[in-house]
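Some notes on the structure that comes next.
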Amino acid sequence: MTGATSYVLHRTLKTTLPKIERGEGNYLIDTDGNRYLDACGGAAVSCLGHSNARVIKAVTDQINRVAFAHTGFFTNIPAEDLAEYLVTHAPQGTGKGRAMFLGSGSEAMEAALKLARQTHLERGQPNRARIIARTSSYHGNTLGALATGGHAGRRAPFDPLLIKVDHIDPCYAYRFRHAGESEEDFGLRMANQLEERIEALGPETVAAFVAEPVVGATLGTQPAARGYFRCIREICDTHGVLLIADEVMSGMGRTGSLFALEQEGIHADITTCAKGLGAGYQPIASVIAAQSVCDAIESGSGRLWNGHTYMSHAVACAGALAVLKVVEEDNLLENVRAMGNLLHMRLRDRFGDHPNVGDIRGRGLFQSLELVENRGTKSPFPAAKGLAPKLQRKALDVGLMCYPSQGCADGTNGDHVLLAPAYTTTPEEIALIVDRLSQALDAALVA
Ligand SMILES: Cc1ncc(COP(=O)(O)O)c(C=O)c1O
């Protein structure tokens with residue numbers, strides 16, 4: 001409950017939230033017995049549903065052994081094993097890298113930015129301090145991560161507190177690709193914005209370029225055009241700029257490969273992962289540093305200039321390792337690809353001719369609808385209509401959790417709805433998701 005009956009400082013103080021009592025497979029059940037089919041994993045988190053016995057056992061076993069041993073004194077077995085798993089499964093080019101573990105995606109992004117800065121200092125390039133990212137991106141809510149994100153609406157209230165970050169346009173085909181332009185030409189044109197910006201700023205001042213391989217919350221599961229990220233990699237290498245891949249939402253299998261960048265054929269210098277890593281059983285995020293970054297530190301100061309009390313927490317790492325083992329042992333990436341294709345097809349069948357669905361896009365079990373007032377002109381609904389929040393409420397009314405957001409068109413206007421079902425999802429659940437989403441959208445459009 002919220003309002004006078006609750007002492008929790010909720011995200012909204014003006015409505016009453018259902019109280020969740022338990023999870024059962026891909027459903028959450030509230031204290032009134034209502035069942036919600038979780039089609040978005042909250043925010044692309046719960047990739048194994050809500051009652052995975054193997055993950056729960058791994059977490060409780062670890063608590064029974066030891067929960068916490070400060071990393072200033074010790075390492076622990078789950079952190080070592082998890083780091084080895086992630087580094088050895090990371091995209092080719094990562095080399096003999098290393099990983100650190102933190103509590104949230106935002107913390108991981110802060111650590112990634114600092115790691116990029118440290119790398120340049122270790123290499124004797126102290127002028128490299130500028131960050132370039134993209135508009136309509138989200139990299140977290142702490143101040144450095146928020147400054148890096150390019151979502152105008154989320155940044156606005158805190159603007160006076162934010163460090164200066166440069167933003168280029170995202171590789172967002174629905175709104176940026178010219179009529180008649182090939183996918184490759186579009187990708188090249190958008191990637192070249194990075195080179196132009198680096199040259200304008202002075203390459204010797206630029207530390208890192210930050211991008212989500214598939215943009216999640218702010219654009220609605222937007223993959224880049226073919227060739228875009230290869231070109232980005234080349235530009236970064238040419239100018240000595242580090243590439244930071246924010247895979248907080250798109251990584252850990254969500255798009256059908258363990259790392260989203262695998263499908264682009266490149267590696268990042270620094271990669272962040274979170275959400276699907278702990279699958280919601282534990283709050284955990286990772287920062288993976290490629291070998292070149294680790295080499296700079298090892299041959300320099302030899303110390304990581306960043307520490308947090310709970311980093312590499314043994315229980316969190318044990319939970320994440322169990323999640324990755326379930327994904328591997330149950331061959332779930334194959335299910336992500338198969339069910340992702342099915343979900344995309346079913347969305348096209350149901351919404352392909354819908355007058356208010358402008359685009360249907362995504363990769364793997366990471367799919368979205370972009371909602372527009374007019375398909376011909378692509379004009380969005382005004383933000384004041386509040387379509388996204390209405391859709392979220394109407395979906396809950398029909399027992400569906402989906403993840404609608406606002407601002408995709410210009411940072412303020414433009415609604416989309418993101419779907420990110422569990423990797424264990426079935427064709428029957430996909431059919432139910434599409435049916436319920438259709439009912440909820442009809443209701444939200446007239447509300
Ligand atoms: C791409 C991306 N980066 C970073 C974050 C921040 O993660 P957290 O909310 O765990 O701090 C998010 C959260 O939605 C995200 O989607």
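First listed ligand is number 1; within each ligand, the first listed atom is number 1. In what follows, residues are counted from 1 in the order of the sequence shown.
Side-chain polar atoms of T255 and Q263 form a donor-acceptor pair below 3.5 angstrom. Looking at Q367 and H344, their side chains do bring a donor and an acceptor atom within 3.5 Å of each other. Looking only at atom types and distance, the side chain of N413 has no donor-acceptor partner in the side chain of Q406 under 3.5 Å away.
Under 4.0 Å from ligand 1, heavy atoms of S106 appear from its side chain as well as its backbone. Only side-chain heavy atoms of K275 come within less than 4.0 Å of ligand 1; its backbone N, CA, C and O stay farther off. Proximity of H139 to ligand 1, defined as any heavy-atom pair under 4.0 Å, is confined to the backbone N, CA, C and O atoms.
When hydrogens are left out, the protein atom nearest atom 3 (N) of ligand 1 is D246 OD2, 2.7 Å; that is the closest non-hydrogen contact. Protein heavy atom in closest approach to atom 5 (C) of ligand 1: V248 CG1, 3.6 Å.
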Report task. Run the numbers on H50 and D38 for side chain to side chain donor-acceptor pair (under 3.5 Å), then give the verdict. Result -> CA-CA 9 Å; H50 297 280; D38 186 354; 2.7 Å; yes
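Counting the atoms of ligand 1 from 1 in the order shown, those under 4.0 Å from a heavy atom of E212 are 1 (C). Near S104, with a cut-off below 4.0 Å to any heavy atom, the atoms of ligand 1 are 10 (O), 11 (O).
For the pair G105 and ligand 1, the shortest N or O to N or O distance falls below 3.5 Å.
R128 places none of its side-chain heavy atoms less than 4.5 Å from the side chain of T205.
Aromatic rings of H89 and Y85 (six-membered ring for Trp) have centroids within the 6.0 Å cut-off, being under it.
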